[in-house]
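For reference, positions follow the sequence shown, starting with 1.
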Amino acid sequence: MLAYIGKRILQFIPVFIGITLILFFFRAVIPGDPIKLLAGEKAMPDAIYEQIVKANHLDEPLYVQYGYYMNDLLHGDLGTSYQRKTPVIDIFAEKFPYTARLALCAILIEILIGISAGIVSAVKRYSFVDALVTVSTSILISVPVFWLGMLLQMFFGVFLKDATGGAFSLPISGAGGPISSYPTWMHYILPAVALASVSLAYTARVMRSQLLEVLNADYIRTARAKGLSRGAVIVKHALKNAMIPVITFIGIDFGVMMSSAILTETIFNWPGVGYEIFRAIGQRDWPIVMGGVILVVILIMLINLIIDVSYALFDPRIRYGKKAGDE
C-alpha cells in the first residue's frame, strides 16, 4: 500500500508542473497589463512602475519568472496580490473554510438524495418512481446552475417572503457572518442545493445503472437461489460492488465543487475561493488566479489518491502492492 501511495505521489509531479506551465502560458498571451490596473484611471509614475515590475520579476524572460515562481511555491509562497498587497496564501486561508463548508453541504445533499434516489430507482425498475427519478434527473442536468440559483432566490427569498411575511423565506445572499462564529445554516441551504443539483442527478443515474448491472450478475442469482431475502441481497452483496464507481464520481466531484463553485458563489455573494478567483480574473490579479487554481489542483489530486486507497475497503479483491497470485 505504501509503495502504491508513493508511486501516485510521484505521478502528481508532472501533472503539477504541467498545470503551472499552462497558467504561465495564458498569463503571457492574455492581453492587459496588471501593473497598470493598480493605478486605475490615474497615471502611474514610471519610477513606481519599474519598481513594481522588478519586484515581481516581470522584466525577466518567462522561463526565469517560472523558475522564481516554482521556487516560491516550494517554500509555501503563492505570491502577493497586485490589488490588495496581501499574501495570496493569507487570502485563501480566510476564504477556503467558506468554500469547504459549502462543498461539504453540497456533497451531503448529493450522497443522501442522489444515492437514495438511484437505489430506489433501480429496485423499482420501470415503476412510477423510476420514471419520476429519470425525468427529474434529466431536468436537473439540463438546467444551468446560475439559472437554478436565481430561481431559488426568487422563489425562497422573494416570493415566499412576500407570501408568508418572511416566516418561510431563506437567505439569498452572504454566509451569515464570520466562519469562526456559530454557523447560520439557513444561509447554506440555497447555495448548497444549487451547487449539488447537477451532481445529484448524475449520482442518481450512476447509482441506478451500476446497481442494475450488479443485480444481473451470476453471484447475485446464486445468493437469491440460496434463499436470501431481497433486502439482504441488495444490502450485503450488491451495494458494495455497485458503490465503487459512485464513490469515484462523488470523490472527484468534491474536488470539482471546490473549483466550479465560482458561479454559485458569485450568484449568492458567497465569500469563498470561487468568488475570490472570479473577482481576481476581472482585476487581472494573476497571483490570486494562479494561486487559487494551484490549490484546487492539489486538492483534487489528494482526493483522487484517497479515493483509490478507499477502493480496498469496499472491494476485498483489491489489494495494492501485491502481485497476481500472492496471498
Side-chain angles (χ1 to χ4, degrees), residues 16 19-20 23-24 26-27 34-35 37-38 40 52 55-56 68-109 145-146 149 153 170-196 253-303 306:
F16 181 78
I19 292 296
T20 55
L23 290 173
F24 261 82
F26 280 118
R27 193 187 73 167
I35 306 302
L37 292 175
L38 294 173
I52 296 175
N56 292 276
Y68 278 116
Y69 189 73
M70 290 299 293
N71 180 68
D72 292 338
L73 284 181
L74 293 177
H75 292 83
D77 183 7
L78 295 176
T80 302
S81 169
Y82 293 155
Q83 298 289 332
R84 306 185 188 183
K85 307 295 190 297
T86 304
V88 174
I89 193 68
D90 293 340
I91 295 175
F92 285 119
E94 177 186 355
K95 303 297 182 180
F96 183 80
Y98 289 100
T99 298
R101 186 176 287 180
L102 177 61
L104 182 60
C105 292
I107 283 292
L108 290 177
I109 294 173
V145 174
F146 65 89
Q153 287 176 324
L170 292 173
I172 63 175
S173 178
I179 197 70
S180 59
S181 63
Y182 184 78
T184 52
W185 293 108
M186 299 294 288
H187 287 79
Y188 286 78
I189 296 177
L190 295 185
V193 170
L195 184 60
D253 200 44
F254 181 73
V256 173
M257 283 183 178
M258 298 290 292
S259 58
S260 65
I262 293 178
L263 284 176
T264 304
E265 291 186 358
T266 302
I267 293 169
F268 290 94
N269 194 28
W270 192 263
V273 174
Y275 184 52
E276 199 65 37
I277 294 176
F278 172 78
R279 292 176 55 194
I281 292 174
Q283 297 170 348
R284 300 294 195 278
D285 202 336
W286 275 103
I288 293 181
V289 176
M290 295 179 66
V293 173
I294 289 173
L295 288 177
V296 169
V297 168
I298 293 175
L299 179 64
I300 292 177
M301 290 191 297
L302 291 176
I303 290 175
I306 294 173

**Asked** Looking at residues at least two apart in the chain, or sitting in another chain, which of them share a side-chain contact (heavy atoms from CB on, under 4.5 Å) with Pro287?
**Response**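 In terms of side-chain contact (heavy atoms from CB on, under 4.5 Å), with neighbours along the sequence ignored, Pro287 is linked to Tyr82, Val88, Asp285.
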**Prompt:** Side chain of Thr80, backbone of Pro87: donor and acceptor closer than 3.5 Å?
**Reply:**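 Judged by distance alone, no pair lies under 3.5 Å.
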**Item:** Backbone of Ser173 reached by a side-chain donor or acceptor of Trp270 within 3.5 Å
**Value:**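 Judged by distance alone, no pair lies under 3.5 Å.
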How long is the span from the [atom1] atom in [X] to the [atom2] atom in [Y], to the nearest 0.5 Å?
X: Thr20; Y: Tyr69; atom1: OG1; atom2: OH; result: 8.5 Å
X: Ile91; Y: Ile288; atom1: CD1; atom2: CD1; result: 4.0 Å
X: Ile298; Y: Ile303; atom1: CD1; atom2: CD1; result: 12.0 Å
X: Leu102; Y: Ile107; atom1: CG; atom2: CD1; result: 10.5 Å
X: Ile306; Y: Met301; atom1: CD1; atom2: CE; result: 12.5 Å
X: Ile267; Y: Leu195; atom1: CD1; atom2: CG; result: 10.5 Å

**Prompt:** Considering residues at least two apart in sequence or located in another chain, which fulfil the ring pair (Phe, Tyr, Trp, His ring centres under 6.0 Å) criterion with Tyr68?
**Reply:**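 Tyr68 satisfies ring pair (Phe, Tyr, Trp, His ring centres under 6.0 Å) with His57 once adjacent residues are dropped.
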Measure the shortest side-chain to side-chain distance between [X] and [Y] over non-hydrogen atoms and say whether it is less than 4.5 angstrom.
X: Asp72; Y: Leu78; answer: no
X: Glu265; Y: Pro191; answer: no
X: Val273; Y: Leu295; answer: no
X: His75; Y: Asn71; answer: yes

For a quick test of reading the model, state the closest non-hydrogen atom pair linking [X] to [Y] and the distance between them.
X: Ala192; Y: Ala106; value: O-CB, 3.7 Å
X: Thr86; Y: Asp90; value: CG2-CB, 4.3 Å
X: Cys105; Y: Tyr188; value: SG-CD2, 4.0 Å

**Request:** In sequence, state the C-alpha distance, the side-chain angles, and the governing distance for Phe16 and Leu73, and then conclude on side-chain contact (heavy atoms from CB on, under 4.5 Å).
**Result:** CA-CA 11 Å; Phe16 181 78; Leu73 284 181; 3.8 Å; yes
**Message:** Is there a side-chain contact (heavy atoms from CB on, under 4.5 Å) between Leu23 and Val293? Walk through the geometry before answering.
**Reply:** CA-CA 9 Å; Leu23 290 173; Val293 173; 4.0 Å; yes
**Residue pair Trp286, Phe24: steps toward the ring pair (Phe, Tyr, Trp, His ring centres under 6.0 Å) verdict** = CA-CA 10 Å; Trp286 275 103; Phe24 261 82; 9.0 Å; no
Listed pairs under 3.5 Å, donor-acceptor, residues 274-281 side chains, sequence neighbours left out:
{"from": "Glu276", "atom 1": "OE1", "to": "Arg84", "atom 2": "NH2", "distance (Å)": "3.4"}
{"from": "Glu276", "atom 1": "OE2", "to": "Arg84", "atom 2": "NH1", "distance (Å)": "2.9"}
{"from": "Glu276", "atom 1": "OE2", "to": "Arg84", "atom 2": "NH2", "distance (Å)": "2.0"}

**Request:** Under the side-chain contact (heavy atoms from CB on, under 4.5 Å) rule, what do Gln153 and Phe268 come out as? Steps first, then yes or no, please.
**Result:** CA-CA 8 Å; Gln153 287 176 324; Phe268 290 94; 3.6 Å; yes
